[in-house]
There are 2 protein chains.
Amino acid sequence: MAAEINRLEDVLDEHIPSDQLKEVKRILFGNAPIKLPLNSNVEEKAKSINVDVEGYKFDCPKEQSRAARLVRVGAIQNSIAIGTDEPVVNQRDALHRKIGKIIDLAGECGVNVLCLQEAWTMPFAFCTREKYPWCEFAESAENGPSTCFLQDYAKKYNMVIVSPILERDEAHGDVIWNTAVVISNNGHYMGKSRKNHIPRVGDFNESTYYMEGDTGHRVFQTAFGRVAINICYGRHHPLNWLTYGLNGAEIVFNPSATVGGLSEPMWPIEARNAAIANSYYTVAINRVGSEQFPNEFTSGDGKPAHKNFGHFYGSSYISAPDGSRTPGLSRVRDGLIFSEIDLNLSRQVRDKWGFRMTQRLDMYANSLGEAVLDEFQPNIITE
Amino acid sequence: MAAEINRLEDVLDEHIPSDQLKEVKRILFGNAPIKLPLNSNVEEKAKSINVDVEGYKFDCPKEQSRAARLVRVGAIQNSIAIGTDEPVVNQRDALHRKIGKIIDLAGECGVNVLCLQEAWTMPFAFCTREKYPWCEFAESAENGPSTCFLQDYAKKYNMVIVSPILERDEAHGDVIWNTAVVISNNGHYMGKSRKNHIPRVGDFNESTYYMEGDTGHRVFQTAFGRVAINICYGRHHPLNWLTYGLNGAEIVFNPSATVGGLSEPMWPIEARNAAIANSYYTVAINRVGSEQFPNEFTSGDGKPAHKNFGHFYGSSYISAPDGSRTPGLSRVRDGLIFSEIDLNLSRQVRDKWGFRMTQRLDMYANSLGEAVLDEFQPNIITE
C-alpha cells in the first residue's frame, strides 16, 4: 500500500508554480489566512512530543463602533495512545497524559477556546458492535474523570475546553450518549450538548450504543464568544448547522471520527459550507491513525472480517464566515491547529451577503411542517 | 492584469506528479467520473464556434430490481453575443443564434435535459440599477420569444430544456420575475419556477427589479427524471436546496451569474454540498466573460464608478449524490458540459448514508416554527 499523503496543501505548494499557486489556492480555499509564527519554546516542545502545531489569523476589517473581539480558537487531532487490548482505565489515562501535553502547547499558544476530537478518551470502537469493554469508557459528563481532568487545564490556561466523550447518564437509567462537555475558562462545568444525528453506515454502527441526542441546539455563552457543538455525522445535516446558528452560535465545532474511503471528499465541503451558509466560524476535527481491535468484525460491505479500523485522515481545519479556510492539519500525524479570529466578522458577513435577512424562515417552517405530515404530497408538476 | 487561469484542473494536471495526482483529485473532487469521448463531428463543430464541449459519466452500481435510469444531463455557459448598447431585440436575437448552435451540439451529444444559464437572453444588467432598456428583456414565460425559440429545439432533439429568463407576468400587473421556464421533450411548456432568494450584495442589486419568488419548490416530472431549479443566490440557502429535495427532485439545476472577486471560493462548495446533503444530482451553471455597459454605475463598495461588470468565471460543473463531481468548464470560455448519470444512484446513496432517514425533520419543523416567533429566545447557556 502506498504511503498516505501527509497534506494536500503540501503537494500543491511543492508542485504548482508560484505565479499560479496563489490563484489556485484562492479558488480552492478562499482568502488565505496569515500563518502565525510560533515561539521557539512551542516548536521545541511540539517536536519533542511529535505533534504538528499550526497557527493562523483570519483577516477582519475594523469597525468604528465595536472593538474587535479577538479570540484564539483551537482544535486537537490525535491517534490513540496505547493498544485497544489494554485495560480500559489504562487506555483512558494514557490518552489523558497525551492530550494533557498538547493542551499545554495550546496554553502556550494563547488558545482561548479549545475543542478535542469526538470520543477523545477512547478508541472509536463502535465498529465492533461489542458492548464490552467499550461501554466502560462511558463516564459522567458532570463529574467524570475526563471532565475533572480537563477542569484543571481550563483554569490554568483561562481556556474554554470542549470535551466530546462517551457519556453515562447515571441520573437517567445509566443510558449512554455521545456528548460534548463544555468547561468554562474558570474550570466550571457549563453544560453538555449531545450528538443530534446518529449514523448507521459502514463501520459506524453507532446507533447500537446511543440514540439521537435530546439536548437540542443549545449554544454556550463563554467568555470568548458563543460556542456550539455539532458532533460528527451531524455535519451532513444542514438543518443541524442552521439551528445552532438560529440560537446565536459564533463558533461551531464539529468533533468527528471519520475514515478515508468513506467521507474524505465530503470533508472539505460540509463544515465550510456551514460557515458560509450561517455566517459563523466552524472548526472541523477528525482523529488520525488506524485502530486495531482484539476481535474481528465485519463492516457491512460484504468483505471479510478484519480487526483494523481506519485510516482516520485527520485534516482538521477552521473556516471563516466569508468562506475562507485554513489549510488542513496532517492526514496522518497528531496536531494542534489554532487561529486568531475576530468574532465581529460574523455580523459583517451577514451585513454584506444578507443570507440571514433573505432566509425566508417562515416559508420553510411551513414547508417542513407540511413535509412531515402523513398526508404530505410532493409538489410535482407533470406535463 | 494577469491573464485568468483557464481551469483549475488544468493547472493540477500539468504540475502535480502522476503518482500523486489521482489522490489529490480524489480528496478534492471525489471519485472521478469517466471522461466520455466526443464524436469527431461534434469536436469539429464545437471548434468552429469556439465552444468547449466536455462529457462525463458518473459510476453507479447496477441494481437487481430496477433497471438503470440513464440520463444525459447538460448545461451551457456563455458570454453575451453583441454589445449591450445594441437594440434589445438584436441582443436577444444574437443570443438566440449563439445558443441555438450550442443546443445543436447538445443534441448531437444526446443530452436529455439541458439547462441554460440565469437570464441567458440578456446581459446581467442589474448592476446598473437602470430600469430601461433592461426591463425590455423581460418576456412571457408561457409564450415569449425565448420559450417559442426553444420549443422547436426541445422537440427536435427530444430534450427537456430549462430556460432561465427575465419574466414579464402580464396576467398579474406586468410584474417582473427571475424565472426558469421548463419545456418538455415534446416541446410543450411545462411550467415555471421563480427565484426564491434575491441578493442585495455588491453589483447584484436584483431586488430593484424583482421580488422573492412565489412559486415555492415545485419539481417537474419530466421524461428524464424529476427536475427542479434553484436559481443563483438560492444556492447559498441550504433550506432552499432541501425543500426541492423534499418534493422529490432528482436533479437540481443552479443557473447563476456570479463574479470572481465575490463568490468564487464558495462556488465549488455550495452546489456540491447540496448534492451530498440531499442525495441528488446538482448542476451549477455560471456565465463567462465581462460585460461593458453604456452608462457608468457604482458597486456599493466605495470605489469609483465604472462601466464594466465581470469577470463571470464560468466553472460550471455537475455533482453526484455521493459527493463526486466533474471538473469545471473553463473560467473564461463558452462551454457545454454534460454527464451521463443514473438516477438510481440517488436512492442508493440514501440507503447507504441514511441522511434522509436520520434527518429529524419534525424536530426542525418545530425549531424553525419557534425561531420565527416574535418572542423567540435563543437557547443560550451561561456559566
Side-chain angles (χ1 to χ4, degrees), chain A residues 5 8 11 15-17 20 23-24 26-27 29-30 184 188 190-191 197-198 200-201 212 216-221 236-239 242-243 246-248 264-266 269-270 272-273 276-277 323-324 352-355 358-362 364-365 367-369 371-372 378-383, chain B residues 5 8 11 15-17 20 23-24 26-27 29-30 184 188 190-191 197-198 200-201 212 216-221 236-239 242-243 246-248 264-266 269-270 272-273 276-277 323-324 352-355 358-362 364-365 367-369 371-372 378-383:
Chain A
I5 288 179
L8 173 73
V11 180
H15 299 290
I16 308 282
Q20 294 179 305
E23 181 68 349
V24 164
R26 182 187 72 82
I27 295 171
F29 307 127
S184 82
H188 299 147
M190 279 191 79
H197 300 269
I198 310 297
R200 293 106 162 123
V201 50
E212 281 71 16
H217 295 81
R218 49 183 68 159
V219 167
F220 297 86
Q221 175 67 66
H236 305 299
H237 289 281
L239 280 164
L242 181 132
T243 310
L246 295 180
N247 283 319
E264 193 165 4
M266 301 175 174
I269 304 297
E270 292 162 314
R272 191 165 161 217
N273 189 75
I276 296 168
S324 56
K352 176 182 175 187
W353 275 100
F355 296 151
T358 61
Q359 193 172 42
R360 305 186 73 183
L361 211 53
D362 51 345
Y364 292 107
S367 301
L368 267 55
V372 294
N379 182 356
I380 295 179
I381 312 283
T382 53
E383 193 177 349
Chain B
I5 289 178
L8 174 73
V11 180
H15 299 291
I16 308 281
Q20 294 178 305
E23 181 67 350
V24 164
R26 182 187 71 83
I27 295 171
F29 307 128
S184 81
H188 299 149
M190 279 191 79
H197 299 269
I198 309 298
R200 293 107 162 123
V201 50
E212 281 70 18
H217 295 81
R218 50 183 66 160
V219 167
F220 298 86
Q221 176 65 66
H236 305 299
H237 289 281
L239 280 164
L242 181 133
T243 310
L246 294 180
N247 282 318
E264 193 165 5
M266 300 176 176
I269 304 296
E270 290 162 315
R272 190 165 161 217
N273 189 75
I276 296 168
S324 56
K352 176 181 175 187
W353 275 100
F355 297 151
T358 60
Q359 195 172 40
R360 305 187 73 182
L361 212 53
D362 52 344
Y364 292 108
S367 302
L368 267 54
V372 294
N379 183 356
I380 295 179
I381 311 282
T382 52
E383 193 176 348

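Among A:H237, A:Q221, A:Q20, the residue making the largest number of heavy-atom pairs under 4.5 Å with chain B is A:H237. The most heavy-atom pairs under 4.5 Å with chain B, out of A:Q359, A:H188, A:E383, come from A:E383. Contacts with chain B were tallied for A:G30, A:G191, A:P17; A:P17 has the most, counting heavy-atom pairs under 4.5 Å. Contact count against chain B (heavy-atom pairs under 4.5 Å) is highest for A:I381 among A:V372, A:I381, A:T382. If you tally non-hydrogen atom pairs under 4.5 Å between each of A:G323, A:S184, A:G369 and chain B, the highest count goes to A:S184. The candidate from B:N273, B:V11, B:V201 with the greatest count of non-hydrogen atom pairs under 4.5 Å with chain A is B:N273.
When every heavy atom of B:R272 is checked against every heavy atom of A:I269, the shortest pair comes out as NH1-CD1, 3.3 Å. Taking both residues in full, the closest heavy atoms of B:T243 and A:S367 are given as CG2-CB, 3.9 Å, listed atom of the first, atom of the second, then distance. Closest of all the heavy-atom pairs between B:H217 and B:N247 is O-ND2, 2.8 Å.
Heavy-atom distances place both the backbone and the side chain of A:L239 under 4.5 Å from chain B. Interface remark: A:L246 contributes backbone and side-chain atoms alike to the contact with chain B (heavy atom separation under 4.5 Å). Interface residue A:T358: backbone and side-chain heavy atoms are both found under 4.5 Å from chain B. Contacts between B:I380 and chain A at a heavy-atom distance below 4.5 Å involve backbone atoms as well as side-chain atoms. For A:I276, the part sitting under 4.5 Å from any heavy atom of chain B is the side chain, from C-beta outward, and nothing else.
Of the inter-residue distances, the one linking B:L8 atom CG with A:E23 atom CD reads 9.0 Å to the nearest 0.5 angstrom. Atom CG of residue B:N379 and atom CZ of residue A:R218 lie 6.5 Å apart, to the nearest 0.5 angstrom. Atom NE2 of B:H197 sits about 6.5 Å away from atom CZ of A:R360, to the nearest 0.5 Å.
Although no hydrogens or angles enter the test, the distance criterion places a donor-acceptor pair under 3.5 Å between the side chain of B:R200 and the main chain of B:I198.
Counting heavy atoms from C-beta on, the side chains of B:I16 and A:I16 come closer than 4.5 Å.
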